Amino acid sequence: MVFYGQQVKRRRYGKITYVLDDVDGIKVPTDFPIEANVPYTGRGFIGSKNIVLPELVQDTRPFVDGDILGIYDAKTGALTQQFVYDSDLGGARI
């Protein structure tokens, strides 16, 4: 993986997928960039030499039934594990 021109050596990464019914809590950040927040620039786009990704900030949202956590291989991008949030179980299920 490459973030903000820096090679990141990770074997896996996670991605949370969910349905968002109300977009009022999402905005483009207007903060000044803080070096500790790399790759986030505070200018609306994540810093990258290879692609342009919009930078968005969302208000805090609790997990709800059906939210999905996918674990991916960082080298190939292949999905290796998947968990679905279930409040009745108090967490995630495969």
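Nothing here was measured: the structure is a model prediction, and the numbers come from that model.
Side chain of Thr80 to main chain of Ile71: a donor-acceptor pair is present (N/O by atom type, distance under 3.5 Å, no hydrogens or angles). Listed for the Asp65 side chain is a donor-acceptor partner under 3.5 Å among the backbone atoms of Ser87.
No side-chain heavy atom of Val84 sits under 4.5 Å from any side-chain heavy atom of Asp67.
A side-chain contact (heavy atoms from CB on, under 4.5 Å) with Ile16 holds for exactly one of Phe63, Phe83, Tyr85; it is Phe63.
Note that CZ of Arg12 is 14.5 Å distant from OH of Tyr72, once rounded to the nearest 0.5 Å. Atom-to-atom distance recorded for Gln82:CD and Ile68:CD1 is 5.0 Å, nearest 0.5 angstrom. In this structure, CD in Gln58 is found 12.0 Å from NZ in Lys27, a value given to the nearest 0.5 Å.
Both cation-pi conditions hold for Arg61 and Tyr18: the charged atom is under 6.0 angstrom from the six-membered ring centre and inside a 45 degree cone around its axis.
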